[in-house]
Amino acid sequence: MTFHPRPQAGEAKPWAFPAPERSTLGNGLTLLRCHRPGQQVVAVEVNLAAPLDAEPEGLDGVATIMARALSEGTDKHSAEEFAAELERCGATLDAHADHPGLRVSLEVPASRLPKALGLLAEALRAPAFDDGEVARLVRNRLDEIPHEQANPQRRAAKELSKELFPATLRMSRPRQGTEETVARIDSAAVRAFYEAHVRPATATVVVVGDLTGIDLDAVLADTLGAWTGNTAAPLPVPPVTADDTGRVIIVDRPGAVQTQLLIGRIGPDRHDIVWAPQVLGTYCLGGTLTSRLDKVLREEKGYTYGVRAFAQVLRSTADGKGASMLAISGSVDTPNTGPALEDLWQVLRTLAAEGLTDAERDVAVQNLVGVAPLKFETAASVAGTLADQVEQELPDDYQARLYARLAETGTAEATSAVVSAFPVDRLVTVLVGDAAQIEEPVLALGIGEVTVVTN
């Protein structure tokens with residue numbers, strides 16, 4: 001019998017994060033395009049300079065209501081008609097508001113891109129903001145808030161923001177508003193916010209996908225290029241300040257069988273040279289099932305299904321006014337809350353005393369850098385990352401340079417970065433659980449003053 005020869009592995013092709021082509025439309029709208037052959041679902045991201053800091057006093061949540069209204073109807077089409085038009089294109093349209101600004105996301109088959117961009121342009125330049133529709137969105141949002149309060153993860157995040165940031169800073173309050181502030185929002189407030197902050201001169205559109213046979217310039221000229229508005233500059237944003245004095249806040253949930261942990265402080269944004277080593281070190285600490293935290297708290301002690309350490313950019317600016325949230329998150333069974341926290345702090349102390357190993361560093365680099373080609377296989381993932389770079393005032397080649405920087409980062413540098421990110425005496429700990437059972441064991445740890453809140 002004759003066998004075919006065994007196939008041999010070929011030479012690995014070099015990979016780099018896609019580089020966009022940048023231009024500006026006649027109406028001042030910035031365009032980043034990225035042709036990705038074979039990606040027949042085109043992704044479009046629109047960044048609007050409407051940060052949460054710009055919300056009027058007492059109207060927290062108006063940006064969220066405006067974002068939802070943008071994606072649900074226009075002066076030309078009712079909400080039902082608009083949804084039907086999107087469905088005929090095979091398109092999805094979504095929008096959300098966050099601290100840096102508002103993001104509108106569109107995905108559509110390449111063959112239907114012109115029609116879908118027309119609908120997107122219509123939503124941006126002629127939103128309906130009908131009294132009844134805005135009132136419905138407000139009611140929906142008010143219905144969501146009690147559910148978020150009941151969710152331990154969401155409740156912990158709300159309390160950590162309140163504790164870390166001064167009350168005068170928008171970051172100290174829920175992104176989507178409170179019951180009191182959302183209840184005040186009406187169509188007039190939504191339209192006023194839109195007219196003050198939504199305009200092409202301060203917006204950026206990212207288009208990623210297979211653009212073969214598509215005259216994108218002509219399509220944009222007839223759609224987003226026809227959007228008009230004033231040329232006012234974006235509002236300046238205040239610097240981020242925080243108090244990370246070591247302390248513990250227990251949000252009391254009598255009878256809870258688990259305790260939700262959220263331990264955090266603020267750190268540098270992506271403009272800081274320490275970002276890449278910090279990403280690497282944080283991954284070794286708590287980025288995967290084989291990280292140090294999981295090895296101890298999950299595998300050895302069985303306290304939890306998993307604990308993660310991460311850095312989340314809150315706002316990133318080239319002038320140094322940005323910041324990220326450095327955090328450790330997870331849940332443990334109630335009786336072992338004290339022991340779990342004791343072991344977690346011991347992991348941090350051991351890391352500071354002994355450092356990371358070369359093997360840990362190598363695995364982290366392999367996982368973070370090696371999976372990048374798969375991570376950015378879709379147009380949506382590339383478009384989202386490019387839009388993040390725009391939002392955070394980063395250069396277009398930032399992601400490509402980040403992977404190169406991660407690959408060259410040594411063990412000692414990663415150790416220094418993660419130890420600086422999570423100092424044992426500068427962490428604010430939020431515990432959502434049964435205070436009657438966990439307060440005394442936590443007090444005994446001596447990791448900071450303990451306060452119990454009941455709301």
Side-chain angles (χ1 to χ4, degrees), residues 1-21 32-45 90-92 105-113 206-214 216 275-295 298-299 305-306 308-310 356-389 394-414:
M1 182 179 293
T2 302
F3 292 96
H4 291 288
R6 175 182 294 179
Q8 298 298 312
E11 192 73 22
K13 295 180 180 179
W15 180 89
F17 183 79
E21 178 186 341
L32 273 67
R33 75 180 84 194
C34 189
H35 175 51
R36 303 285 289 160
Q39 295 184 344
Q40 293 298 320
V41 177
V42 176
V44 180
E45 296 277 345
T92 59
S105 305
L106 171 73
E107 286 190 82
V108 62
S111 60
R112 308 291 178 87
L113 180 62
V206 179
V207 182
V208 179
D210 193 332
L211 304 177
T212 304
I214 300 173
L216 187 60
W275 182 263
Q278 181 180 276
V279 167
L280 201 59
T282 302
Y283 189 88
C284 295
L285 173 64
T288 184
L289 286 173
T290 59
S291 66
R292 290 206 173 190
L293 288 173
D294 260 15
K295 280 183 178 178
R298 174 189 164 101
E299 301 302 325
Y305 290 114
R308 291 292 173 268
F310 59 91
L356 298 169
T357 66
D358 290 339
E360 287 176 306
R361 176 265 174 201
D362 292 345
V363 169
V365 170
Q366 182 178 1
N367 288 348
L368 290 169
V369 180
V371 302
L374 295 176
K375 180 179 178 181
F376 295 107
E377 187 68 23
T378 65
S381 60
V382 175
T385 299
L386 290 173
D388 288 344
Q389 291 181 174
L394 296 164
D396 293 342
D397 65 346
Y398 174 82
Q399 194 68 32
R401 290 193 288 111
L402 175 63
Y403 284 118
R405 180 78 174 91
L406 287 170
E408 68 186 20
T409 298
T411 305
E413 192 177 6

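Nothing fancy with the numbering, it's 1 onward along the sequence.
- Shortest non-hydrogen contact noted between Gly90 and Pro109 is O-CD, 3.4 Å.
- The shortest side-chain heavy-atom distance between Thr411 and Thr357 does not fall under the 4.5 Å cut-off.
- The CG atom of Leu280 lies 13.0 Å from the CH2 atom of Trp275; values are rounded to the nearest 0.5 Å.
- Using a 4.5 Å heavy-atom threshold, the side chains of Pro395 and Arg401 count as touching.
- Between Asn367 and Tyr283, the shortest heavy-atom contact is ND2-OH, 3.1 Å.
- Gln278 contributes no side-chain N or O that, together with a main-chain N or O of Ala414, makes up a donor-acceptor pair within less than 3.5 Å.
- The backbone N or O of Asp396 lies less than 3.5 Å from a partner atom in the side chain of Gln389, making a donor-acceptor pair.
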* To do: May I have the step-by-step check of side chain to side chain contact (heavy atoms under 4.5 Å, CB included) for Ile214 and Leu113, ending in yes or no?
  => CA-CA 9 Å; Ile214 300 173; Leu113 180 62; 4.1 Å; yes
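- Between the side chains of Thr409 and Arg405, a donor-acceptor pair is found at a separation under 3.5 Å.
- Contact of the Leu32 side chain with the Glu45 side chain is not registered, since no non-hydrogen atoms from C-beta on lie closer than 4.5 Å.
- Dense packing is recorded around CD of Gln40, with more than 12 heavy atoms of other residues, nucleotides or ligands lying under 6.0 Å away.
- Side-chain contact between Val279 and Leu368 is present, with heavy atoms from C-beta onward closer than 4.5 Å.
- When all heavy atoms of Val369 and Ala407 are compared, the pair lying nearest together is CG2-N, 4.4 Å.
- In Arg33, the CZ atom is crowded: over 12 heavy atoms of neighbouring residues, nucleotides or ligands sit closer than 6.0 Å.
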For residues 370-386, tabulate all N or O donor-acceptor pairs below 3.5 Å that involve a side-chain atom, not counting sequence neighbours.
unit_1 : atom_1 : unit_2 : atom_2 : d
Thr378 : OG1    : Ser381 : N      : 3.3
Thr378 : OG1    : Ser381 : OG     : 3.2
Ser381 : OG     : Lys375 : O      : 3.2
Ser381 : OG     : Thr378 : O      : 2.8
Thr385 : OG1    : Ser381 : O      : 3.0

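- Atom CD of residue Glu360 and atom OG1 of residue Thr290 lie 8.5 Å apart, to the nearest 0.5 angstrom.
- Two residues are said to be in side-chain contact when any heavy atoms from C-beta on lie closer than 4.5 Å; Leu211 and Arg36 fail this criterion.
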* side chain to side chain contact (heavy atoms under 4.5 Å, CB included) evaluation trace for Val365 with Val363 -> CA-CA 6 Å; Val365 170; Val363 169; over 6 Å; no
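- Between Val207 and Leu216 there is a side-chain heavy-atom pair separated by less than 4.5 Å.
- The nearest pair of heavy atoms linking Ala309 to Leu293 is CB-CD1, 4.3 Å.
- Using modelled atom types, one finds no donor on one side chain facing an acceptor on the other under 3.5 Å when comparing Gln39 with Asp210.
- Distance check: Leu289 CG to Tyr305 OH gives 13.5 Å after rounding to the nearest 0.5 Å.
- A 4.5 Å side-chain heavy-atom check between Leu356 and Arg361 finds every atom pair outside the cut-off.
- Under the 4.5 Å side-chain criterion, counting only non-hydrogen atoms from C-beta, Phe17 is not in contact with Asp397.
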